[in-house]
Amino acid sequence: MRMVELIEKKKLGSELSKEEISWMIEQYSQKEIPDYQMSAFLMSVYFQGMTDEEVNGLTFAMAHSGDVIDLSGIEGIKVDKHSTGGVGDTTTLVLAPLVASVGVPVAKMSGRGLGHTGGTIDKFEAIKGFDVEMSEEKFIQSVNDIGVAVVGQSANLAPADKLLYALRDVTATVDSMPLIASSIMSKKIASGADAIVLDVTTGEGAFMKDVEDAKKLAHIMVRLGNLAKRKTVAVISDMSQPLGEAIGNSLEILEALDVLKGGGPDDLREMVLVLGSQMLILAGKTTSTEVSRQLLEEAIASGKALEKFREMVENQGGDSSFIESPELLMTANYQFELPAKTSGVVTKLVADKIGVAAMLLGAGRKTKEDSIDFGVGLILHKKVGDIVEVGESLVTIYSNSENIEEVKNLLYENIKIGDKAVEPPLIHAVITD
């Protein structure tokens with residue numbers, strides 16, 4: 001085979017065979033195909049799209065380009081959850097111990113964040129001593145012992161996807177639906193879970209801005225998961241405003257703690273119950289969302305979920321004293337309020353811009369080399385539909401610098417106050433096929 005011929009085929013809209021795609025991914029991973037040719041191929045895909053068979057071939061080729069984790073040593077049906085990203089996405093911090101507390105094993109591999117705030121792994125590292133690096137043997141043993149472990153992804157997990165994503169990032173081909181779907185699902189398939197619940201976010205704080213596009217992406221990923229013999233469900237959730245109230249690593253840990261204690265923001269709690277219910281159904285624990293929801297709510301009310309969170313933290317070397325003393329995680333030197341300039345109703349919170357404000361404080365990374373300041377971030381006191389009086393605090397800003405004018409200006413520009421508001425729905429759809 002010759003790469004130029006495959007580029008030509010895709011440029012003209014022809015379908016590549018599974019064998020052609022496998023050869024291309026293998027050769028590119030071995031640096032036998034140069035970046036300029038792969039860039040040409042990616043751009044051809046961007047304009048011509050891919051058939052279902054091509055997306056399937058690409059996904060499986062990338063999934064098997066490195067380690068494929070074998071979790072058969074863990075008893076029971078292992079269910080993974082993946083979010084396509086958002087602002088204030090604290091769900092895994094609550095879901096992992098909550099779902100484990102009702103007897104469903106959670107063996108989760110997560111990544112680090114590049115953008116608004118840290119990824120799930122960065123957030124857990126805000127807990128003193130919490131170890132996200134674990135051998136595969138210890139990972140499996142931990143889940144068998146206590147029902148849950150959350151660790152960083154193996155460096156050799158779907159390495160072809162890492163290479164392709166880096167190239168997509170600099171060739172304006174990131175927003176290609178077939179490439180998005182194959183990128184996400186190649187990692188999920190290689191991670192070894194038996195079933196997968198996808199949180200596909202939509203809105204200004206999400207990658208997929210349009211609800212219909214989010215549904216199309218969800219259908220592709222559910223099909224890919226099912227073809228890989230992983231029972232897969234997708235929940236289309238709204239990210240036109242941040243989820244919950246906390247944006248920032250330590251702040252999100254404390255917000256997760258509030259939910260596990262029976263409190264926390266209503267939207268975050270609801271999102272956790274929706275996703276958790278789907279995880280229980282896929283694991284065969286229940287057959288309905290109603291029974292699943294009841295089990296999860298009982299686990300929170302009884303304290304079982306909180307105790308499982310403590311057990312998980314301690315099992316991974318973390319200092320759990322913050323559970324009784326949350327102030328231990330409040331490490332920012334400065335705390336500022338952002339007062340409302342007018343009275344009215346909050347009509348809009350532009351999620352991605354508010355996320356950028358948190359990043360400017362140090363809660364996220366601009367580049368891979370940046371370090372994260374765990375203690376900084378934002379607490380939102382008003383969400384869309386809330387009444388606000390002039391002078392009332394819209395946001396509490398946690399910072400390690402007194403110079404926050406840029407952050408304040410960005411927040412004022414992206415928190416809109418008017419006469420009336422339409423609250424966005426939290427859940428748009430559940431995709432099962």
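These numbers come from the heavy atoms of this one structure, side chains and all, not from hydrogens, waters or symmetry mates. All residue numbers in this chain count up from 1 along the given sequence.
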Handout entry: Under 3.5 Å: donor-acceptor pair, side chain of D67, backbone of I69
Key = no
Exercise for the section: Check S321 against D319 and note the closest heavy-atom contact, atom names and distance. Expected result: OG-OD1, 2.8 Å
Exercise for the section: Under the salt bridge (charged side-chain N to carboxylate O under 4.0 Å, His left out) rule, what do E290 and R293 come out as? Steps first, then yes or no, please. Expected result: CA-CA 5 Å; E290 292 78 16; R293 192 182 184 94; over 6 Å; no
Practice task
Keeping the roles fixed (side chain from R230, backbone from I189), state whether a donor-acceptor pair exists under 3.5 Å.
Solution key: yes
Handout entry: T201 to S83 - nearest heavy-atom pair and separation
Key = CG2-OG, 4.1 Å
Exercise for the section: Determine whether more than 12 heavy atoms belonging to other residues, nucleotides or ligands lie under 6.0 Å from atom CD of Q335. Expected result: yes
Exercise for the section: Evaluate the side-chain proximity of V233 to V430: yes if any heavy-atom separation is below 4.5 Å, no if none is. Expected result: yes
Practice task
Would you please say whether a donor-acceptor pair under 3.5 Å links the side chains of K108 and T92?
Solution key: no
Practice task
Using distance alone, with no hydrogens and no angle criterion, decide if N315 and E311 have a side-chain donor and acceptor under 3.5 Å apart.
Solution key: no
Problem - Heavy atoms of other groups near K18 NZ, more than 12 under 6.0 Å - result: no
Handout entry: Heavy-atom check, side chain of I354 versus side chain of I415, under 4.5 Å
Key = yes
Exercise for the section: Would you please classify the geometry between the F322 ring and the F309 ring as parallel, tilted or perpendicular, with 30° and 60° separating the classes? Expected result: perpendicular
Exercise for the section: Taking the side chain as every heavy atom from C-beta outward, state whether R168 and I180 have any pair of such atoms under 4.5 Å apart. Expected result: yes
Problem - Polar contact flag, side-chain donor to acceptor under 3.5 angstrom, N403-S401 - result: no
Practice task
Answer yes if the side chains of D122 and N249 hold a donor-acceptor pair under 3.5 Å, and no otherwise.
Solution key: no
Practice task
Look only at the side chain of S182 and the backbone of V55, and say whether a donor-acceptor pair between them is shorter than 3.5 Å.
Solution key: no
Handout entry: Electrostatic pair R310:E324 at N-O distance under 4.0 angstrom
Key = yes
Handout entry: K128 NZ: over 12 foreign heavy atoms closer than 6.0 Å
Key = no
Handout entry: Distance-only donor-acceptor check, side chains Q294 and E298, under 3.5 Å
Key = yes
Problem - Atom of L411, atom of A357 and distance for their closest heavy-atom approach - result: CD2-CB, 3.8 Å
Exercise for the section: Please list, chain by chain and in numerical order, all residues satisfying side chain to side chain contact (heavy atoms under 4.5 Å, CB included) with D161, sequence neighbours excluded. Expected result: M62, A158, S183, S186, K187
Handout entry: Side chain to side chain, V150 and I121, heavy atoms closer than 4.5 Å
Key = yes
Problem - Test side chain to side chain contact (heavy atoms under 4.5 Å, CB included) applied to E204 - qualifying residues, sequence neighbours left out - result: K348, V350, D352
